[in-house]
Amino acid sequence: MAEDNDLNAEIAEAILESAGPKIERVEDGIQCVNRIEKMPADTYDMILMDIQMPKMDGYKATQAIRNLSDKDKASIPIIAMTANAFEEDKRDAIAAGMNGHIAKPIQVDKLLSILSEVIRKQSLYRLKNGTMGKTDDVWDAT
């Protein structure tokens, strides 16, 4: 999870940990890109990406990840997690290369729904191809 706000991160972590996934947090887009570059491709199943962060925003971080030379890393599902909840914001997230959009304040049922869909699609894709998921899948929890 890339989230600079401690309270937002704490809420998201509590929701996610109750559902079972292991969470690692970074506080800006640069840290997120660096973490993805450094770790093996299958380390993370997805990224929850805040949009408005210091140093590098979520759009730029997503574009940097999508442009990585390691295509497995470049194709990790990225879900926008942002207070920007208008249709234009959702379109901007998808245009930046994100696979979905979750509005803040986070609604537990919507977050868990989109996460289960991402995990389901990842599992099916990996079973079929033995690789990471594709970036052309889009999920909307609104």
Side-chain angles (χ1 to χ4, degrees), residues 1-37 39-68 70-142:
M1 173 176 16
E3 171 63 68
D4 64 312
N5 182 285
D6 290 335
L7 181 59
N8 289 338
E10 186 177 323
I11 291 167
E13 286 173 350
I15 293 168
L16 293 168
E17 287 175 354
S18 71
K22 180 182 171 191
I23 311 303
E24 289 187 24
R25 176 185 170 208
V26 295
E27 296 181 5
D28 64 55
I30 292 172
Q31 292 175 2
C32 184
V33 173
N34 288 342
R35 180 81 53 97
I36 295 300
E37 287 179 320
M39 302 301 287
D42 61 351
T43 302
Y44 303 107
D45 292 314
M46 74 186 78
I47 300 170
L48 293 174
M49 182 81 74
D50 186 20
I51 299 298
Q52 297 177 356
M53 295 182 290
K55 299 180 183 174
M56 179 187 284
D57 68 31
Y59 296 133
K60 289 179 183 167
T62 297
Q63 291 166 345
I65 291 167
R66 295 296 182 231
N67 288 317
L68 292 175
D70 183 326
K71 295 306 172 194
D72 286 337
K73 291 179 180 184
S75 65
I76 187 170
I78 301 174
I79 309 299
M81 190 173 66
T82 177
N84 303 333
F86 295 108
E87 285 301 317
E88 180 180 343
D89 300 313
K90 293 177 190 177
R91 285 191 301 271
D92 290 346
I94 301 307
M98 296 180 181
N99 301 89
H101 183 279
I102 298 172
K104 295 179 195 172
I106 297 169
Q107 294 180 8
V108 176
D109 59 333
K110 289 183 178 182
L111 177 58
L112 295 179
S113 172
I114 202 166
L115 293 179
S116 66
E117 183 66 13
V118 169
I119 291 167
R120 184 184 71 75
K121 287 187 177 192
Q122 284 286 80
S123 297
L124 290 173
Y125 190 83
R126 285 178 177 160
L127 281 173
K128 183 178 176 186
N129 300 301
T131 62
M132 296 291 288
K134 303 179 291 183
T135 60
D136 60 350
D137 289 329
V138 175
W139 305 281
D140 186 5
T142 55

Exercise. Inspect the surroundings of CD in Glu24 and state if more than 12 heavy atoms from other residues, nucleotides or ligands are less than 6.0 Å away.
Key: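 Atom CD in Glu24 is packed in, count exceeds 12.
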Rounded to the nearest 0.5 Å, how far apart are [atom1] of [X] and [atom2] of [Y]?
{"X": "Met56", "Y": "Asp28", "atom1": "CE", "atom2": "CG", "value": "8.0 Å"}
{"X": "Ile79", "Y": "Ile114", "atom1": "CD1", "atom2": "CD1", "value": "4.5 Å"}
{"X": "Asp70", "Y": "Ile36", "atom1": "CG", "atom2": "CD1", "value": "10.5 Å"}
{"X": "Lys22", "Y": "Tyr44", "atom1": "NZ", "atom2": "OH", "value": "7.5 Å"}
{"X": "Leu48", "Y": "Leu16", "atom1": "CG", "atom2": "CG", "value": "6.0 Å"}
{"X": "Met46", "Y": "Ile78", "atom1": "CE", "atom2": "CD1", "value": "11.5 Å"}

Between [X] and [Y], what is the shortest heavy-atom contact and its length?
{"X": "Thr62", "Y": "Gly97", "value": "CG2-C, 3.6 Å"}
{"X": "Ala80", "Y": "Met98", "value": "CB-SD, 3.3 Å"}
{"X": "Asn99", "Y": "Ile94", "value": "C-CD1, 4.0 Å"}
{"X": "Met49", "Y": "Ala2", "value": "SD-CB, 3.7 Å"}
{"X": "Ala64", "Y": "Val33", "value": "CB-CG2, 3.8 Å"}
{"X": "Met1", "Y": "Met81", "value": "SD-CE, 3.6 Å"}

Self-check item: Test salt bridge (charged side-chain N to carboxylate O under 4.0 Å, His left out) applied to Arg25 and Glu13, step by step
Solution: CA-CA 9 Å; Arg25 176 185 170 208; Glu13 286 173 350; 5.1 Å; no
For the side chain of [X] and the backbone of [Y], is there at least one donor-acceptor N/O pair under 3.5 Å apart?
{"X": "Asp50", "Y": "Thr82", "answer": "no"}
{"X": "Arg66", "Y": "Ala61", "answer": "no"}
{"X": "Lys73", "Y": "Met39", "answer": "yes"}
{"X": "Glu3", "Y": "Asn5", "answer": "yes"}

Self-check item: Salt-bridge criterion met for Lys90 and Glu87 (N-O under 4.0 Å)
Solution: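 Glu87 and Lys90: salt-bridged.
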